[in-house]
Amino acid sequence: MTSFPPRKGMSRQEIAETIDAILAEATLEEKVAMMSGRGFFQQFKESDNRWGGHPYRAGGGCERLDVPALYFTDGPRGVARGQSTCFPCSMARGATFDRDLERRIGEVMGIEARAQDCTLSGAVCINLLRHPAWGRAQETYGEDPYHVGEMGAALATGIQTHNVVATAKHFAVNSIENARFKVDVKVDPRTLREVYLPHFKRTLDAGCASVMSAYNKLNGEFCGQNRVLLTDILRDEWGFEGFVHSDWVAGVHAPYGAAAGLDVENPEPLVFGDKLVAAVNSGGVEPEVIDRACRRILTTIYQFASREDPYETYTLDMVASDEHRSVAKEASIKSVVMLKNDNLLPLKVNDLKSIAVLGRLAKLENTGDHGSSRVRPEHVVTAYEGIEKALPPSTELLYAEETDLEQISSAAAAVDSVVVVVGYTAEEEGEYVPGDIALDPDVQAAVEEATDVQRSNNFAVGGDRRLLTLPSAQVSMIKAACEQNDNVTVVMISGSAVVITEWVDQAAAVLHGFYMGMEGGHALADILFGAVSPSGKLPFSVPEKESDLPFFDPDADEIEYGPYHGYTMFDRDADKTPAFPFGFGLSYSSFEYRALKTYKAPDGVRVSVSVRNSGRMQADEIVQLYAGFPGAAIERPVKLLREFARVSLSPGELQTVYFHVPYSDFTYWNESNGAWVMERGVHRIYVGGSSKTEDLLVAEVVL
Ligand code: BGC
């Protein structure tokens, strides 16, 4: 028999036997061909240089033997194909702290991927936000490894429900954009395991079946051919059984990458293909390397293809359906973080005779960067449009842009209330594809071609953010509006923290909206006018000043990532106080915490806490649990997030929240014997509504 198509309902045994048979039958060339994508460059041209114009073949596939290939589509703010549902960016969804919602978002992506012929999703982007200038900050969930891992696991689970393979990217320490093709990130083994990798492990442990390697180097070797990362840690330490594929063009530099643990080169065989065949024939790469890689790829393909689908068919009318758009709206609402509110919000829509919505971004369809994660929905509800729709026809609505400060001032002076929309666009932050890197000539040419094409196709340059404050024209607009009107709400759109120290005292209310997705304007109106309370919490710390942050260089050839950034750094450094701490976010209601209890169970620490809505409005609260360690044997952070829960409470309602923190979540990596160790002694459990000490109850537990 020379035909091996997968069938629904195949057992593990049958899959293993089928793969043995395929490997016995396939030639070396056919096997190596299954270790790369194919056709991307041609398809890219055919689709008018539009990213996502086709499902991209990305591993597996042998026509002669009827072995299917995987077809890739991007994420993470939706399926980057056709006119799919555009969600708020991942960082916004990080602010929801809502695993259940993130899993449902994953389901939508899984359904829309299948409906558009894709079986491999690049939506699970879980690099850690170390510094807010990182251009692709918007694609991940935040600065904390536990939180990022939980959200990534939820998204991957949802996507895979519909038998689309989810890939966790970019493995690893990828958090400088402009230098991504060359930067060598130096990290010591303990920091790597405790800070920069746990979110990958958590996501993979939840079943995420594939990994995309990063472009950058880790400790002297490119991640796409880094044996320590791809074999020693991923396979040997963690027991990962899925496959690893490269990032797109120039993700691996030598056939040796296959031996180091890279199974698929995407999107074209620039380094694998003929060069890998030659390396095997000349003895440079062992034939077993090829069989092992094919076995991993094919096992994943056959396992997914043999599983039952939740729907009988996946059709185009499922894409951006009303139901899916309502999930996007729910995510936008839950992600908005209220940073400040001096009794201004919610605005009483029926008392408002006039309102000014100011700023160019208020009317811009601004859903995030224009890189690989770009989603092109049929329509985006802008802030202006959402507010306009929510107002009664009698309310006067004015608009002006920051290019005309006189108009800004006169509009602000003429109305009851002002909403100023500020922040960034794809021009100032996002994915960046430079053409000036020194690579193998073939690869270099391909990268340059892709770069030119992207530029000519309105691919905003993006890259790492040059400013951590708002552009000066926007600051002038805020100040001009605040001089004329006491009721100014500032809405910020950005992928990560913005330093707002210069003007925050002047505005009555500040909302961090991130990139809000296709339903953003409606969600914003619901929050401004009090249909629902804000409930997002910051997935990162906001510094008072840039100099409080770790060193960052967008053009670095080499950089060291240490163990502290974000809230662990602010906790450690007594001379630095964040402007807004990790986990912070205000509500229209208020919450009281009491009765924190801990119990040492055989499998971990059980914790309970009672939370009461002490305000006057139905609202969600995000309950956060941090662990503190004895820190006598070895220096540890003051505290680390170890659990969270979103609870929904009516006015006066009390709910007791129960947490379970396994003992493994108290351990540290002991470099001397390469093992995870739990220190004996008094640990602290902190529970509350933000990472700020004053917001936390504390209990001790002796472990
Ligand atoms: C990005 C990846 C993306 C890939 C395919 C790369 O440039 O780094 O995140 O999945 O392109 O579009």
Side-chain angles (χ1 to χ4, degrees), residues 36-41 43-44 47 49-59 70-81 84 89-90 109 113 118 120-127 134-140 152 155-156 159 164-183 200 208 210-216 222-224 244-252 264-268 270 368-376 426 430-435 437 439 443 446-451 453-455 457 459-464 495:
S36 71
R38 211 176 320 147
F40 171 76
F41 292 143
Q43 288 176 326
F44 197 48
S47 57
N49 304 330
R50 201 181 163 104
W51 212 263
H54 286 83
Y56 299 128
R57 183 168 169 151
L70 286 167
Y71 287 90
F72 180 81
T73 184
D74 258 306
R77 61 179 193 264
V79 172
R81 235 173 101 49
S84 303
C89 67
S90 303
M109 291 187 197
C118 297
L120 176 64
S121 162
V124 186
C125 178
I126 50 171
N127 292 108
W134 178 35
R136 297 182 76 177
Q138 61 190 273
E139 290 188 55
T140 189
L155 186 70
I159 292 170
V164 172
V165 178
T167 194
K169 72 187 189 187
H170 311 82
F171 195 59
V173 288
N174 175 291
S175 45
I176 302 179
E177 181 57 9
N178 294 19
R180 67 173 164 163
F181 287 98
K182 62 167 185 176
V183 66
F200 282 99
C208 182
S210 166
V211 167
M212 181 194 287
S213 57
Y215 278 131
N216 50 281
F222 285 106
C223 291
V244 183
H245 66 93
S246 73
D247 201 344
W248 232 242
V249 188
V252 58
V264 175
E265 181 192 14
N266 274 328
E268 298 271 7
L270 298 174
D369 83 334
H370 289 180
S372 58
S373 69
R374 183 174 187 176
V375 175
R376 300 166 192 262
E431 190 172 347
Y432 175 64
V433 184
I437 39 172
L439 296 165
V443 179
V447 169
E448 275 169 16
E449 190 180 346
T451 307
V453 156
Q454 283 162 351
R455 294 237 162 92
N457 192 33
F459 182 105
V461 172
D464 295 312

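The structure displayed is predicted, hence computed values, not measured ones. Just follow the structure's listing: the first ligand is 1, and inside any ligand the first atom is 1. Side chains are part of it too, since the values below use all heavy atoms of this structure and drop only hydrogens, waters and symmetry mates.
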- By number and element, which atoms of ligand 1 are closer than 4.0 Å to a non-hydrogen atom of H170? 2 (C), 8 (O), 9 (O)

- Query: Of the non-hydrogen atoms in G368 and Q138, which two are nearest, and what is the gap between them?
  - Reply: CA-OE1, 3.3 Å

- Here the atoms of ligand 1 under 4.0 Å from any heavy atom belonging to W51 are 11 (O), 12 (O)

- Near W248, which atoms of ligand 1 are under 4.0 Å from a heavy atom of that residue? 4 (C), 5 (C), 6 (C), 11 (O)

- Task: Give the contacting part of E139 toward ligand 1: side chain, backbone, both or neither, where contact means a heavy-atom distance below 4.0 Å.
- Result: neither

- Query: Under a heavy-atom criterion of less than 4.0 Å, does S372 contact ligand 1?
  - Reply: yes

- Under 4.0 Å from a heavy atom of R180: give me the atoms of ligand 1 that qualify, with their elements. 1 (C), 7 (O), 8 (O)

- Task: Considering non-hydrogen atoms only, spot the tightest contact between R136 and S372 and give its length.
- Result: NH2-OG, 3.6 Å

- Query: Does ligand 1 have any atom that is closer than 4.0 Å to a heavy atom of F72?
  - Reply: yes

- Task: Applying salt bridge (Lys or Arg N to Asp or Glu O under 4.0 Å), name anything that partners R38, two or more places apart in sequence or on another chain.
- Result: none

- State yes or no: are the ring centers of Y215 and W248 separated by less than 6.0 Å? no

- Message: Within ligand 1, which atoms have a heavy atom of K169 less than 4.0 Å away?
- Response: 2 (C), 3 (C), 9 (O), 10 (O)

- Where do A156 and C208 come nearest, in terms of heavy atoms and distance? CB-CB, 3.8 Å

- Contact check: D74 vs ligand 1, nitrogen or oxygen atoms, below 3.5 angstrom: yes

- Message: Please classify the H245 to ligand 1 contact at 4.0 Å (heavy-atom distances, strictly less than): side chain, backbone, both or neither.
- Response: neither

- What pair of heavy atoms forms the shortest contact from I126 to G152, and how long is it? CG2-CA, 3.8 Å

- Item | Atoms of ligand 1, numbered as shown, that sit under 4.0 Å from any heavy atom of D247 | 1 (C), 2 (C), 3 (C), 4 (C), 6 (C), 7 (O), 8 (O), 11 (O)

- Sorted by chain and number, sequence neighbours left out, side chain to side chain contact (heavy atoms under 4.5 Å, CB included) with S213 holds for V244, S246, L262

- Note on the structure: Only residue of Y71, F72, F41, F40 satisfying ring pair (Phe, Tyr, Trp, His ring centres under 6.0 Å) with Y56 is F40

